Amino acid sequence: AGTYVRNPPGSSHAPWCAAGCGLLVKHRQIEPPDLQQVSKHTRSTAWLPGVAAGLSVMPLHSNGGENVALVRWDPGTHFHRHTHWGGEEIFVVSGVFEDEQGLYPAGSWLRNPHLSSHTPFSTEGCVILVKTGHLAAL
């Protein structure tokens with residue numbers, strides 16, 4: 001539980017779990033030049049200070065303009081309005097993530113296109129998986 005795995009194009013694996021589990025799987029998400037395999041145990045990796053009060057970040061992978069990280073939001077955290085250069089995808093791991101468009105409970109998936117903007121916050125706190133910079137206009 002809590003492991004981030006990134007397998008490059010052309011790799012193979014056979015995941016299993018004796019007790020059953022839930023997996024977030026996103027196929028065809030890696031550009032062919034990015035051949036780095038990544039496996040991080042997020043329950044034993046340190047959180048770093050975020051760019052705003054109430055945010056902590058755990059970088060998971062970076063290649064070119066693409067970045068993947070877990071971001072922990074303390075209850076009551078508000079972030080400034082910002083624009084997503086290259087787009088942004090968010091998966092809500094726990095808690096409730098919010099912005100001016102609505103509330104997104106655990107298990108929600110958001111895809112914000114290149115140059116979209118929002119003003120996110122979390123009233124109760126949350127942990128989100130964020131991927132940025134990979135949806136730039138062609």
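Note that the coordinates shown come from a computational prediction; the quantities given were computed from them, not determined experimentally.
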*Asks:* Do you know the tightest heavy-atom contact between Leu135 and Gly87?
*Replies:* CB-CA, 3.9 Å
*Asks:* Of all the heavy-atom pairs spanning Ser39 and Val5, show the shortest one and how long it is.
*Replies:*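 Heavy atoms of Ser39 and Val5 come nearest at OG-CG2, 4.2 Å.
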*Asks:* Remaining members of Val25's ILVMFWY cluster at a side-chain heavy-atom cut-off under 4.5 Å?
*Replies:*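 Noted: Val25 shares its cluster with Leu23.
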*Asks:* Taking side chain to side chain contact (heavy atoms under 4.5 Å, CB included) as the definition, give me every residue that meets it alongside Ser56, ordered by chain and number, with sequence neighbours left out.
*Replies:*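 Scan of Ser56 (side chain to side chain contact (heavy atoms under 4.5 Å, CB included), adjacent residues dropped) gives Trp47, Arg72.
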*Asks:* Under the ring-ring contact (aromatic ring centres under 6.0 Å, His included) test, which residues partner Trp109, sequence neighbours left out?
*Replies:*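 Partners of Trp109 by the ring-ring contact (aromatic ring centres under 6.0 Å, His included) criterion come out as none, since no residue qualifies.
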*Asks:* Under the criterion side-chain contact (heavy atoms from CB on, under 4.5 Å), I'd like the reasoning laid out for Val127 against Ser94: C-alpha separation, chi angles, the key distance, then a yes or no.
*Replies:* CA-CA 5 Å; Val127 173; Ser94 64; 3.6 Å; yes
*Asks:* Quick one, Met58 with Thr42, criterion side-chain contact (heavy atoms from CB on, under 4.5 Å). Give me CA distance, side-chain angles, the key distance, then yes/no.
*Replies:* CA-CA 8 Å; Met58 183 185 299; Thr42 64; 3.7 Å; yes
*Asks:* Provide the closest heavy-atom pair for Pro75 versus Glu124 in the form atom of the first, atom of the second, distance.
*Replies:* CG-O, 3.4 Å
*Asks:* What closest approach, in Å, do Ser11 and Pro8 show between heavy atoms, and which atom pair accounts for it?
*Replies:*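 For Ser11 and Pro8, the tightest heavy-atom pair comes out as OG-O, 2.7 Å.
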*Asks:* Please identify each residue that fulfils side chain to side chain contact (heavy atoms under 4.5 Å, CB included) with Ser116, with sequence neighbours left out.
*Replies:* His84, Asn112, Pro113
*Asks:* With salt bridge (charged side-chain N to carboxylate O under 4.0 Å, His left out) as the rule and sequence neighbours excluded, what pairs involving residues 95-107 come up?
*Replies:* Arg81-Glu100
*Asks:* For His41, what residues pass the side-chain hydrogen bond (donor to acceptor under 3.5 Å, both in side chains) criterion, not counting sequence neighbours?
*Replies:*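 Thr3.
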*Asks:* Taking Pro59's backbone N and O only, do any of them form a donor-acceptor pair with Lys40's side chain (distance below 3.5 Å, no angle check)?
*Replies:* yes
*Asks:* Taking the side chain as everything from C-beta on, heavy atoms only, tell me whether Lys131 gets closer than 4.5 Å to Glu66.
*Replies:*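 Yes, side chains in contact.
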*Asks:* Just so I know, are the side chains of Val96 and Cys126 near enough to count as touching, which here means a heavy-atom distance under 4.5 Å?
*Replies:* no
*Asks:* Transitive ILVMFWY cluster of Leu55 at side-chain heavy atoms under 4.5 Å: who else is in it?
*Replies:* Leu48, Val51, Val57, Val71, Trp73, Phe79, Ile90, Val92, Phe97, Tyr104, Leu110, Ile128, Val130
*Asks:* I'd like to check the salt bridge (Lys or Arg N to Asp or Glu O under 4.0 Å) partners of Glu89; sequence neighbours left out, ordered by chain and number.
*Replies:*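 Expected list: Lys26, Arg111.
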*Asks:* Looking at residues at least two apart in the chain, or sitting in another chain, which of them share a ring-ring contact (aromatic ring centres under 6.0 Å, His included) with His61?
*Replies:*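 Scan of His61 (ring-ring contact (aromatic ring centres under 6.0 Å, His included), adjacent residues dropped) gives none.
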*Asks:* Share the residues that join Trp85 in a hydrophobic cluster, the rule being Ile, Leu, Val, Met, Phe, Trp or Tyr side chains under 4.5 Å apart at the heavy-atom level.
*Replies:* Leu115
*Asks:* Is it the case that the side chains of Thr83 and Ser117 hold a donor-acceptor pair, with the cut-off being a distance below 3.5 Å and no angle test?
*Replies:*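 Looking only at side-chain atoms, Thr83 and Ser117 do form a donor-acceptor pair, the distance falling under 3.5 Å.
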*Asks:* The criterion is salt bridge (Lys or Arg N to Asp or Glu O under 4.0 Å); which residues satisfy it with Arg43, sequence neighbours excluded?
*Replies:* none
*Asks:* Do Leu60 and Val38 touch side chain to side chain, with heavy atoms closer than 4.5 Å?
*Replies:* no
*Asks:* With sequence neighbours left out, what residues match His13 under side chain to side chain contact (heavy atoms under 4.5 Å, CB included)?
*Replies:*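 Partners of His13 by the side chain to side chain contact (heavy atoms under 4.5 Å, CB included) criterion, ordered by chain and then number, come out as Asn7, Pro15.
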